[in-house]
Amino acid sequence: MPEETQEVEPVEEPQEPETAPEAEGTEEEPFDRARAEAKIKKANSEAKSLRERLKELEPLARKAKELEDAQKSEQERLTEQLTAAEERAAKAVRTAVGAKVEALASADFADPEDAAGALDLAAYVDENGAIDTDGIKRDLADLLKRKPHWAKPSDTGPRRPAPDRTQGSSGNGNRTSSDPGEIFAGLMTQALKGR
């Protein structure tokens with residue numbers, strides 16, 4: 001704050017006009033120079049004492065402002081930490097509820113992640129953070145009624161083995177022997193035919 005070093009200088013006595021107009025119905029006090037100078041002197045001394053007090057209080061006001069700003073910064077930092085902690089807690093709750101939904105859906109759904117994606121996970125957590133498993137089971141049953149194609153295929157009989165083409169013959173009817181003597185004889189025969 002810029003300091004004001006300007007002092008109020010005593011005002012000189014105004015020149016009275018030679019013909020003072022008189023207001024109708026009001027009487028003016030005659031000008032008293034000594035009284036006017038005393039009032040001016042008093043106002044100047046009050047202004048001087050106020051300026052001195054202001055000079056004394058300015059550093060204190062600056063310190064108070066700095067402390068307020070530091071406190072505000074501390075509050076902002078704590079608010080940010082609280083917000084981040086709340087976000088982490090909400091994410092952990094969503095993860096826990098999602099895992100619970102997938103675990104319960106794994107018995108009936110071909111892909112339990114479908115069930116977790118279709119349900120509103122936040123609806124299954126109360127204000128204390130407890131998970132409503134009965135509500136999840138009820139909603140999973142409703143979801144299977146609406147989307148029966150998401151259900152696991154039912155096992156109605158024994159499974160047929162799938163064919164494995166790497167087993168058995170090579171498909172052209174030529175089976176090779178695993179006897180080393182026969183293998184050597186076959187190589188020799190091919191070598192002699194090739195000459």
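Just so it is clear, the structure is predicted and the values come from calculations on it, not from any experiment. Just so you know, residue 1 is the first one in the sequence shown, and it goes up from there.
In this structure a side-chain-to-backbone donor-acceptor pair under 3.5 Å is missing from N128 to A130.
Take D134 and apply the side chain to side chain contact (heavy atoms under 4.5 Å, CB included) test, not counting sequence neighbours, and it matches D132. Under the side chain to side chain contact (heavy atoms under 4.5 Å, CB included) criterion, V125 pairs with V93, V97, sequence neighbours left out. Judged as a side-chain hydrogen bond (donor to acceptor under 3.5 Å, both in side chains), and not counting sequence neighbours, the contacts of R35 are E29. Applying the side chain to side chain contact (heavy atoms under 4.5 Å, CB included) test to A151 and every residue at least two apart in sequence or in another chain returns L144. Evaluation of the salt bridge (Lys or Arg N to Asp or Glu O under 4.0 Å) rule for K65 yields D69 as partners, not counting sequence neighbours. Every residue two or more places apart in sequence or in another chain that forms a side chain to side chain contact (heavy atoms under 4.5 Å, CB included) with D111 is listed here: E113, D114.
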For residues 101-109, run the donor-acceptor check on the side chains, cut-off 3.5 Å, and write out each pair with its distance to 0.1 Å, sequence neighbours left out.
unit_1, atom_1, unit_2, atom_2, d
S106, OG, A103, O, 2.8

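Residue pairs meeting the salt bridge (Lys or Arg N to Asp or Glu O under 4.0 Å) criterion with at least one partner in residues 74-100, sequence neighbours excluded, are E74-R77. Sorted by first and then second residue, the side chain to side chain donor-acceptor pair (under 3.5 Å) pairs involving residues 138-150 (not counting sequence neighbours) are Y124-D139.
Other members of the cluster containing L57 are L60, with ILVMFWY side chains joined at under 4.5 Å, either directly or via other members. Cluster partners of F184, using a side-chain heavy-atom cutoff of under 4.5 Å among ILVMFWY residues and allowing indirect links, are M188.
Within the model, atoms CD of Q81 and OG1 of T83 stand 10.0 Å from one another, a figure rounded to the nearest 0.5 Å.
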